[in-house]
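Written below as structure tokens is the structure these notes are about.
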2 protein chains.
Amino acid sequence: MAPRGSYAKGIAKREEILNTALDIVARVGYSRTTVRELAQAVGLSQPGLLHYFGTKEQLFIEILRRRDQVDEAEYSPATRTADGPPDLFGGVTSLVDHNAQVPGLVQLYSRFSSEATEESHPAHEYFRDRYATARAGGAAAIREQQEAGTLPASLDADRLAVLMFALIDGLQSQWMYDSEIDMADQLAYFRALLTGETTCAETDLPSAGRGKSSPKMPGSGES
Amino acid sequence: MAPRGSYAKGIAKREEILNTALDIVARVGYSRTTVRELAQAVGLSQPGLLHYFGTKEQLFIEILRRRDQVDEAEYSPATRTADGPPDLFGGVTSLVDHNAQVPGLVQLYSRFSSEATEESHPAHEYFRDRYATARAGGAAAIREQQEAGTLPASLDADRLAVLMFALIDGLQSQWMYDSEIDMADQLAYFRALLTGETTCAETDLPSAGRGKSSPKMPGSGES
DNA sequence: GTCTATATATTGATAGAC
DNA sequence: GTCTATCAATATATAGAC
């Protein structure tokens, strides 16, 4: 169990590499992050680094896994040490707020996931599983909240989980092209829709209370 | 106005190239589509094709523009020749149904848009504008529907437009990893949430009517 | 485990003839 | 407008020494 000698050193070096890589990618993004650069940052040659991960793709999969690990500990309501019901929207909102601080990681995720779309891509399975796990965890959290009464029982947990993660991905895409997009605000609005805060009992009142333009909604003035 | 001689031929060739490219990409996706391949498909050499577009990026921007053009004519409720109010959800639903038939184009869009995230990328502006235009058009359609009474007046058109297009992008991401994801079904559910079909007046009924698992929701059985 | 050096492979871009 | 031929620019992957 307690790794000894050079084995422990290898583990430690791996850790160092992943942590450093996370920092670098968060800043400079995926496009400009080459294996060579990451190697340099931890005092290794390019083949020296690849020694630990085999290929570039494996390296980046590990970087993403590490990120998941860190984020999950911080933001996943579904996994936290249970005392009350989870808070899916709270967790997701802190997550997107955090992500807005690490644009490079958002880009890495976006680029890598779109590349790994191809079934032959080494990271394909990683993303497939990640989505499935996220949906399952999200749906479970929703059900718990429904039982606890913090979300309407009428909601379809499975469908809502799909919508939820679709929304996160999609908001990030728009945000990358326009940082004025307020992801947390949008999620809050989505949440409000779910709990029927403004929807009920006015379904066909034509044009009442219009002209209230929402804050932080850019890009409405184009052709 | 009426182009004559070799100029007309050039235009025609461009058309042919774009149409053929659309077909090919729809089938094989972006990753495996090289300029050389597209050239071959229209009986040109690689430099011969690039003669029309300059660079690979410009070529793909044009391919996407052409796609937009075709899709807009077919599916955009905001642009159709007005007789009644638009039907945003209807249009968007037919669009995602159509997209499910052309996986390669969905992949092209996804990959290219994640690459063009970088501000220096030649396609950056294209995507930025596209998002902005889509949001503006979506919001306008929503307002029209609100005035016509086909959507609740209480909805925030600007925010809803952001959510709408985020949802489309995000659903496609998930769909690319799991074709069991039913994008149209998810959109229908989202729409139902908006009109308060199942939400109102039961916000804190704890665990009533559970266990109704939704159809076509894969990936709920994982760790 | 780590390095140096090099192979390899794409594939987009360019020069210049026809 | 279109071709042939060639260049060039990356980076990743690998061989083999230490």
Side-chain angles (χ1 to χ4, degrees), chain A residues 3-18 20-21 24-25 28-64 104 107-108 111-112 115-116 118 120-124, chain B residues 3-21 24-25 28-64 107-108 111-112 115-116 118 120-124:
Chain A
R4 67 176 190 281
S6 56
Y7 178 59
K9 191 186 155 197
I11 297 284
K13 194 72 186 175
R14 255 183 86 103
E15 291 294 288
E16 188 200 340
I17 293 169
L18 290 176
T20 306
I24 294 183
V25 173
V28 314
Y30 177 55
S31 337
R32 294 184 196 123
T33 305
T34 68
V35 176
R36 230 176 216 95
E37 236 176 312
L38 293 180
Q40 201 172 332
V42 293
L44 282 180
S45 67
Q46 182 250 8
L49 198 164
L50 242 35
H51 167 76
Y52 288 93
F53 300 95
T55 69
K56 178 204 179 178
E57 273 81 19
Q58 282 304 321
L59 166 61
F60 277 99
I61 291 172
E62 292 307 313
I63 293 175
L64 284 171
Q107 196 208 34
L108 163 63
R111 283 207 50 175
F112 213 55
E115 271 166 31
E118 216 86 18
S120 58
H121 192 287
H124 187 79
Chain B
R4 65 175 192 281
S6 57
Y7 178 60
K9 191 185 155 198
I11 297 284
K13 193 73 187 176
R14 254 183 87 102
E15 291 295 287
E16 186 200 340
I17 292 169
L18 291 176
N19 291 333
T20 307
I24 292 182
V25 173
V28 314
Y30 178 55
S31 338
R32 295 185 197 123
T33 306
T34 69
V35 176
R36 241 175 205 95
E37 236 176 314
L38 293 181
Q40 201 172 332
V42 292
L44 283 179
S45 68
Q46 183 250 4
L49 196 163
L50 242 35
H51 166 76
Y52 289 94
F53 299 95
T55 69
K56 179 205 177 177
E57 274 79 21
Q58 283 304 324
L59 165 61
F60 277 98
I61 292 173
E62 293 306 313
I63 292 174
L64 284 171
Q107 196 209 33
L108 163 63
R111 283 208 51 175
F112 212 55
E115 270 165 32
E118 218 85 19
S120 58
H121 193 287
H124 187 81

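Protein chains get the first letters and strands the later ones, always in sequence-line order, with residue 1 at the start of each. None of these values were measured; they are calculated from a predicted model.
- Take B:Leu50 and apply the side chain to side chain contact (heavy atoms under 4.5 Å, CB included) test, not counting sequence neighbours, and it matches B:Val35, B:Gln46.
- DNA chain C is contacted by no residue of residues 13-21 of chain B, taking any non-hydrogen atom closer than 4.0 Å.
- Scanning for salt bridge (charged side-chain N to carboxylate O under 4.0 Å, His left out) contacts around A:Glu118 gives B:Arg32, with sequence neighbours left out.
- Per the geometry, NZ belonging to B:Lys9 stands 7 Å off C1' belonging to D:dG1, to the nearest Å.
- A heavy atom lying under 4.0 Å from DNA chain C marks the following residues of residues 29-43 of chain B, by number: B:Thr34, B:Val35, B:Arg36.
- Here the side chains of B:Leu44 and B:Leu38 are not in contact, with every heavy-atom distance at 4.5 Å or above.
- Judged as a salt bridge (charged side-chain N to carboxylate O under 4.0 Å, His left out), and not counting sequence neighbours, the contacts of B:Glu15 are B:Arg66.
- For residues 40-62 of chain A, the pairs satisfying salt bridge (charged side-chain N to carboxylate O under 4.0 Å, His left out) are A:Arg14-A:Glu62, A:Glu62-A:Arg65, with sequence neighbours left out.
- Pairs of residues two or more places apart, or lying in two chains, that qualify as ring-ring contact (aromatic ring centres under 6.0 Å, His included) and include a residue from residues 30-52 of chain B are B:Tyr30-B:Phe60, B:Tyr30-B:Phe112.
- For the segment residues 48-58 of chain B, residues with any heavy atom less than 4.0 angstrom from an atom of DNA chain D are, sorted by number, B:Gly48, B:His51, B:Tyr52.
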Margin query: Please determine whether side-chain hydrogen bond (donor to acceptor under 3.5 Å, both in side chains) holds for the pair B:Gln107 and B:Ser31, giving the CA-CA distance in whole Å, both sets of side-chain angles, and the decisive distance to 0.1 Å.
Written below: CA-CA 9 Å; B:Gln107 196 209 33; B:Ser31 338; 3.3 Å; yes
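- Residues passing the side chain to side chain contact (heavy atoms under 4.5 Å, CB included) test with A:Ala12: none are found, sequence neighbours excluded.
- For A:Lys13, the salt bridge (charged side-chain N to carboxylate O under 4.0 Å, His left out) criterion is met by A:Glu16, not counting sequence neighbours.
- We find the OG1-CD1 distance between B:Thr33 and B:Ile63 to be 8.0 Å, quoted to the nearest 0.5 Å.
- A donor N or O paired with an acceptor N or O is found under 3.5 Å between the base of C:dA13 and the side-chain atoms of B:Gln46.
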